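Here the structure is laid out as structure tokens; the discussion comes afterwards.
Because only heavy atoms are used, hydrogens play no part in the values below, and waters and symmetry mates are left out as well, while side chains stay in. These numbers were taken from a predicted model, which means no experiment stands behind them.
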Amino acid sequence: MRVFQCGRYSLSLAKPLVMGIVNVTPDSFSDGGRYHSVERAVAHAQDLIDAGADILDVGGESTRPGAAPVSVEEELARVIPVVEQLASLNMPVSVDTRKPEVMAAAIAAGASMINDVTGFSDPKAQAIVAEAEVGVCVMHMQGTPETMQKNPHYHDVVAEVSDYLANQAEILKTAGVEAHRIAIDPGFGFGKTLTHNLQLLRGIKQLCELGYPVLIGVSRKSMIGQITGRTVTERMVGSVVAALLAVQQGAHILRVHDVAQTRDMLAVWHAYHDSLECHES
């Protein structure tokens, strides 16, 4: 059985996993800072667990297009108290950060996975996750959150993203991170136009051929708004449909805001495929 190893958690990849998003930022694009306090963030995380989340992803710095970075001290103050409480719930807790100092503190607080939008390009980050034996998610981003949507350009977005992710995974393995601890994320919306995002959605099978679990984060993003014309709070249906398309292409982990609705989609998808197998047998 193929697994994704997140610290002490061995997560089966036999079926797609659902990662629930816990934003503890006052300027999140998706929820407007509704869970900025520790108490609200923990309560929201419990709701996500009850709805069927397999992993919780805690983020203390907005990486929406144009977002300005926050200080290490501020991000630590936002994230660490939440991680400390969530780590006691017998649930894999991921921390979405690009700062090595936050990675180290989060791991010490009980995080079992680090999700880095910069793809662990910092050697300090590589050393921290290698030593800690946590799971990692390597994401592709062209530019920085401040600049990434200013005329992104590719000759072949699927090939270029695939090459980058494969190279970063090799760098991590050289640093001491075992392959079964590595997941990859093409970074929808991170330095990509709508056309690029749709090409990547069609190219997930090619990313799966790299041999790592593929994590997909399209939930409520601007690409869904561009297609549907819906505001952020109205993008649940479009997000779930995009997640289904990703699963059909082989995606292993879905990073979402709407856990219950995503679970419902997966239940129907599994039932459909189970019925096909029964019919063919």
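No more than 12 heavy atoms of other residues, nucleotides or ligands sit less than 6.0 Å from atom CZ of Arg230. The local environment of CD in Glu234 is crowded, with over 12 non-hydrogen atoms from other residues, nucleotides or ligands closer than 6.0 Å.
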Stepwise salt bridge (charged side-chain N to carboxylate O under 4.0 Å, His left out) check, Arg78 with Glu61
CA-CA 9 Å; Arg78 295 174 181 178; Glu61 179 183 47; over 6 Å; no
Please walk me through it: do Asn23 and Thr25 pass side-chain hydrogen bond (donor to acceptor under 3.5 Å, both in side chains)?
CA-CA 6 Å; Asn23 286 317; Thr25 59; 4.8 Å; no
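Taking a cutoff of 4.0 Å between a charged side-chain nitrogen and a carboxylate oxygen, Asp122 and Arg98 do not qualify as a salt bridge. A salt bridge does not link Arg235 to Asp258: none of the charged side-chain nitrogens sits closer than 4.0 Å to a carboxylate oxygen. Salt bridge absent: Glu178 and Lys173 never bring a charged side-chain N and a carboxylate O closer than 4.0 Å.
Summarising the geometry, atom CD1 belonging to Ile204 is positioned 10.5 Å from atom CD belonging to Gln248; distances are rounded to the nearest 0.5 Å.
Residues Tyr212 and Ile171 do not share a hydrophobic cluster, clusters being chains of Ile/Leu/Val/Met/Phe/Trp/Tyr side chains in contact below 4.5 Å.
There is a side-chain donor-acceptor pair under 3.5 Å between Thr97 and Glu75. Side-chain polar atoms of Ser162 and Gln206 form no donor-acceptor pair below 3.5 angstrom.
Using a 30° and 60° split on the angle between ring planes, Tyr164 and His140 fall in the perpendicular class, above 60°.
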